[in-house]
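Proteins get letters first, then strands, A, B, ... in listed order; numbering begins at 1 in each.
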Amino acid sequence: AQSVTQPDIHITVSEGASLELRCNYSYGATPYLFWYVQSPGQGLQLLLKYFSGDTLVQGIKGFEAEFKRSQSSFNLRKPSVHWSDAAEYFCAVGAGGTGFQKLVFGTGTRLLVSP
Amino acid sequence: AAGVIQSPRHLIKEKRETATLKCYPIPRHDTVYWYQQGPGQDPQFLISFYEKMQSDKGSIPDRFSAQQFSDYHSELNMSSLELGDSALYFCAGRASGYGYTFGSGTRLTVV
């Protein structure tokens with residue numbers, strides 16, 4: 001069964017500094033990988049996704065993520081963080097190919113942005 | 001573009017009452033997933049449907065049931081509500097080969 005690990009519960013970054021949020025997944029076949037962002041009390045907004053092809057994927061709001069099969073990782077990055085990026089970030093994995101597989105989420109990383 | 005619509009946005013119920021949550025996916029998204037997110041928790045999968053048939057089942061209590069209708073919308077029925085059922089309930093829609101699109105959720109508060 002697939003699983004996702006986000007080792008950092010909280011991360012604090014200064015505004016303007018770079019950001020990397022870690023995500024490791026466990027899945028035997030080709031995974032579908034996602035990053036979602038959630039503001040307090042709000043829904044899940046898709047930042048980016050990886051299905052296949054180029055391992056460096058670009059998303060919205062200046063985010064990018066790199067799929068590294070050898071490390072089973074899909075880390076999220078942003079070169080310069082803005083105060084509005086403060087939120088909860090969830091990494092998720094779904095089964096590859098066709099089918100009805102559910103998404104499995106990591107426990108989330110809360111990003112705090114300091115002035 | 002139209003998104004996934006969930007109703008109601010907020011719901012307050014008393015213990016032992018029933019609640020019905022509705023989800024309207026994006027047109028042609030034929031698979032619907034329900035998730036429960038408790039305070040400070042990650043979303044937990046409850047149940048999913050494809051073409052009106054249950055396709056997968058997660059940690060859904062026996063007090064809950066769900067179905068998908070011919071127009072692909074789905075309803076989550078919750079009975080004998082408990083305080084611990086207070087959570088944000090998301091649905092997501094998906095079409096084969098496409099990603100998942102989440103609704104904004106229904107916040108259920110049981111008092």
Side-chain angles (χ1 to χ4, degrees), chain A residues 1-10 21 23-25 30-53 57-60 65 74 87-112, chain B residues 1 3-7 9-10 23 25-26 29-60 68 72 74 86-109:
Chain A
Q2 58 264 49
S3 66
V4 176
T5 301
Q6 292 181 248
D8 303 306
I9 298 174
H10 300 277
L21 301 183
C23 171
N24 292 96
Y25 69 91
T30 301
Y32 284 0
L33 294 162
F34 306 80
W35 275 100
Y36 287 88
V37 60
Q38 185 180 36
S39 296
Q42 300 300 309
L44 295 162
Q45 181 181 22
L46 179 67
L47 287 176
L48 46 79
K49 60 183 182 288
Y50 171 78
F51 284 3
S52 64
V57 294
Q58 302 297 320
I60 62 172
F74 189 57
E88 187 92 21
Y89 291 79
F90 290 98
C91 180
V93 63
T98 59
F100 324 114
Q101 299 301 319
K102 61 186 179 292
L103 283 181
V104 174
F105 288 86
T107 50
T109 297
R110 180 166 296 279
L111 173 65
L112 305 173
Chain B
V4 176
I5 306 298
Q6 288 189 248
S7 68
R9 288 297 306 275
H10 302 274
C23 170
I26 294 173
H29 277 202
D30 48 18
T31 307
V32 172
Y33 307 80
W34 284 97
Y35 288 82
Q36 177 192 57
Q37 185 180 27
Q41 304 296 313
D42 54 292
Q44 295 293 316
F45 171 71
L46 293 177
I47 195 168
S48 64
F49 291 87
Y50 169 70
E51 290 290 348
K52 298 177 287 183
M53 299 291 290
Q54 180 181 307
S55 54
D56 197 0
K57 188 174 181 180
S59 51
I60 184 169
Q68 185 182 32
Y72 298 125
S74 178
S86 296
L88 195 55
Y89 290 84
F90 290 107
C91 79
R94 183 191 179 203
S96 179
Y98 292 86
Y100 305 77
T101 303
F102 282 83
S104 298
T106 294
R107 180 167 297 283
L108 172 67
T109 303

Q: Which one wins on heavy-atom pair count under 4.5 Å against chain A: B/Pro43, B/Gly105, B/Gly40?
A: B/Pro43
Q: Considering only heavy atoms, which portion of A/Phe90 lies under 4.5 Å from any heavy atom of chain B: side chain, backbone, both, or neither?
A: side chain
Q: Side chain from CB out, backbone as N, CA, C, O: work out which of these in A/Gln38 comes under 4.5 Å of a heavy atom of chain B, or both, or neither.
A: side chain
Q: Tell me whether the rings of A/Phe51 and A/Phe34 are parallel (<30°), tilted (30 to 60°) or perpendicular (>60°).
A: perpendicular
Q: Between B/Gln41 and chain A, which part of the residue has a heavy atom less than 4.5 Å away: side chain, backbone, both or neither?
A: backbone
Q: If we only count heavy atoms from C-beta on, is the A/Thr5 to A/Cys23 side-chain gap below 4.5 Å?
A: no
Q: Between B/Gln37 and B/Ala87 (side chain of the first, backbone of the second, donor and acceptor by atom type, cut-off under 3.5 Å), is there such a pair?
A: no
Q: Under a 3.5 Å distance rule, please check whether B/Trp34 uses its side chain to pair with a backbone N or O of B/Ala92 as donor and acceptor.
A: no
Q: Does a side chain donor of either A/Asp8 or A/Gln6 reach within less than 3.5 Å of an acceptor in the other side chain?
A: no
Q: At a 4.5 Å cut-off on heavy atoms, which part of B/Phe49 comes close to chain A: side chain, backbone, both, or neither?
A: neither
